[in-house]
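Taking it in order: structure first as structure tokens, then the write-up.
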Amino acid sequence: MLKKTFCHVPGIGIRTEATLWGKGIHGWEDFLELAQKTWPLPSRKLAESILVQSLEQVNQGNPDYFNHLLPSHLIWRIFPEFRAQTAYLDIETTGLDVESCQITTIALYDGTHIFHYVQGENLEAFPEDILKYRVIVTYNGKTFDVPFLERYFRIKIYQTHIDLRYVLNALGYKGGLKNCETLLGIDRGGLKGVDGLFSVLLWADYIQNGNAKALETLLAYNIMDVVNLEVLMVLAYNMNLRGTPFEGQLEMAMPSEPFLPFYPHQPTIEKIRHGGWVGASFSGKI
DNA sequence: TTGCAGAACTGCATACCGGG
DNA sequence: CCCGGTATGCAGTTCTGCAA
């Protein structure tokens, strides 16, 4: 619905945009053709130049332009136009504090390929890989994942960022990623009940006890998060179309599930869940 | 020209909430 | 637990269209 958006023009808010839609001016081309007589001149020149520019920026595949002009709560509108350049991103760490904690794994998904990074193996490849994308989608990544990555790798993540926490909150879905998934009927299969804190224990089991199955379970969890981010993005996009003139026209199809390279190991999950073992040196930091 | 209403925008303070 | 991004609410300002 980006090409039906007028809110990124200075002086046009959601109300004016709605009146434009009501007049049958549904897209940028409509405005450039039809609004010429009705729109007042001084602001019309600015609007026209921004809309012409907008068309060029979409064709050139540059989401940054809209990132700067759109109000942040409407950034979800860019998704279909820039989906091919979008990466879904999630990190796992040994805790919440950037100063004292380290990144254990990173999962990156572009809608087709899944990439994973492991501390001590290939974590250093991440900063270069993320440069291939122009848009990132996360859950609460604006306050956690991105600052953590920037600090950890001493890099700046410039990508246009759709943080689903705020998109879903605005739609009434709150209580964290897992709760949003539950409310929207997304099933986690064998990873039910595994959360971020649990992932800290999986990493500890891998490091301290050499349990390779714990790392596989952690990666399965990390990857499930990013794969589900795409599902949530599409669901949120479709829900946001409700109440607009474009309801029933622009809905996106649900993505198909990719091949998942790791499976959760139930005996490991059970062992940790029932408290039989807690990593001693990790427990103080959590 | 003047006054009014509506819309957008800015600048505050406050509150909430989510990550591992 | 902590911290930062965002939402909300409110007041004040600016801009524009419209009508008197």
Side-chain angles (χ1 to χ4, degrees), chain A residues 6-20 22-23 35 37-47 50 67 69-76 88-107 119 136-152 157 160-183 191 193-207 214 217-219 221-222 224-226 228-229 232 236 272 278-279 281-286:
Chain A
F6 297 100
C7 278
H8 61 310
V9 177
I12 299 184
I14 42 167
R15 286 174 179 170
T16 310
E17 182 183 69
T19 36
L20 282 169
K23 289 176 186 169
K37 293 153 199 150
T38 55
W39 207 253
L41 191 66
S43 54
R44 193 179 81 211
K45 287 286 170 199
L46 176 63
I50 286 187
N67 190 29
L69 288 178
L70 268 177
S72 61
H73 67 282
L74 296 179
I75 195 62
W76 56 269
Y88 310 89
L89 171 67
D90 184 53
I91 69 173
E92 304 303 324
T93 69
T94 54
L96 294 172
D97 182 43
V98 189
E99 303 294 333
S100 62
C101 299
Q102 61 173 349
I103 295 176
T104 57
T105 65
I106 304 172
Q119 173 72 241
I136 57 171
V137 174
T138 66
Y139 191 93
N140 201 36
K142 286 198 173 179
T143 46
F144 185 73
D145 302 68
V146 165
F148 213 114
L149 287 164
E150 289 184 333
R151 184 92 183 213
Y152 195 86
I157 291 180
T160 294
H161 188 169
I162 305 177
D163 190 333
L164 286 175
R165 173 189 170 182
Y166 304 106
V167 181
L168 289 167
N169 268 17
L171 288 164
Y173 296 92
K174 302 183 184 199
L177 175 65
K178 311 297 175 289
N179 190 55
C180 290
E181 287 180 9
T182 306
L183 292 170
L191 284 162
V194 176
D195 59 12
L197 185 56
F198 202 98
S199 81
V200 178
L201 301 175
L202 286 167
W203 178 255
D205 191 16
Y206 165 65
I207 290 296
T217 305
L218 173 58
L219 288 168
Y221 166 74
N222 196 180
M224 174 128 289
D225 274 2
V226 289
N228 284 352
L229 283 177
L232 289 168
I272 295 174
V278 174
S281 69
F282 282 80
S283 54
K285 285 184 182 175
I286 298 163

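Keep in mind that the numbers below use all heavy atoms, side chains included, and drop hydrogens, waters and symmetry copies.
- Distances from the side chain of A/Thr143 to the nucleotides B/dA8, C/dG5, B/dG20 place C/dG5 closest.
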What one-letter contact string describes nucleotides 10-17 of chain B from 5' to 3', where B marks a base within less than 4.0 Å of any protein heavy atom, S marks contact via sugar-phosphate atoms alone, and - marks no contact? -------B
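- One can place CG of A/Leu168 at 15 Å from P of C/dT6, the figure rounded to the nearest angstrom.
- Put simply, CG on A/Leu164 is 13 Å from P on C/dT6, counting in whole angstrom units.
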Begin with the C-alpha distance, continue with both residues' side-chain angles, and end with the deciding distance and a verdict on side-chain contact (heavy atoms from CB on, under 4.5 Å) for A/Ile91 and A/Phe148. CA-CA 9 Å; A/Ile91 69 173; A/Phe148 213 114; 3.7 Å; yes
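- The CG atom of A/Leu171 sits 16 Å away from the P atom of C/dT6 (whole-angstrom rounding).
- Between A/Ile14 atom CD1 and C/dA7 atom P the separation is 12 Å, expressed in whole Å.
- Atom-to-atom distance recorded for A/Thr93:OG1 and A/Ile106:CD1 is 10.5 Å, nearest 0.5 angstrom.
- Under a 3.5 Å cut-off, the side chain of A/Thr104 and the backbone N or O of A/Thr94 do not form any donor-acceptor pair.
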Do A/Asp145 and A/Thr138 pass the side-chain hydrogen bond (donor to acceptor under 3.5 Å, both in side chains) test, and can you show the C-alpha distance, the side-chain angles, and the key distance before you say yes or no? CA-CA 8 Å; A/Asp145 302 68; A/Thr138 66; 5.5 Å; no
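- Expressed to the nearest 0.5 Å, how far OG1 of A/Thr105 lies from CG of A/Asn222 amounts to 3.5 Å.
- Residue order along DNA chain B, read from the 5' end via each residue's closest nucleotide, puts A/Cys7 first among A/Phe144 and A/Cys7.
- A/Asp90 comes within contact range of the sugar-phosphate backbone alone, with a heavy-atom separation under 4.0 Å but no base atom that close.
- A/Ile14 CD1: 12 or fewer foreign heavy atoms inside a 6.0 Å radius.
- Between A/Leu232 and A/Leu164, the shortest heavy-atom distance links the atoms CB-CD1, 3.9 Å.
- In the set C/dT6, B/dG20, B/dG18, B/dG18 carries the atom at the smallest distance from any side-chain atom of A/Asn140.
- Atom CD of A/Glu17 is separated from atom P of B/dA8 by 10 Å (rounded to the nearest Å).
- Computed from coordinates, the A/Ile106 CD1 to B/dG20 P distance equals 13 Å when rounded to whole Å.
- Mapped onto DNA chain C by nearest heavy atom, A/Ala170 and A/Pro147 fall at different nucleotides, with A/Pro147 at the one closer to the 5' end.
- As rounded to whole Å, 12 Å separates atom P of B/dG19 from atom CG of A/Leu197.
- For A/Arg15 and B/dA8, the CZ to C1' distance is 9 Å, given to the nearest whole Å.
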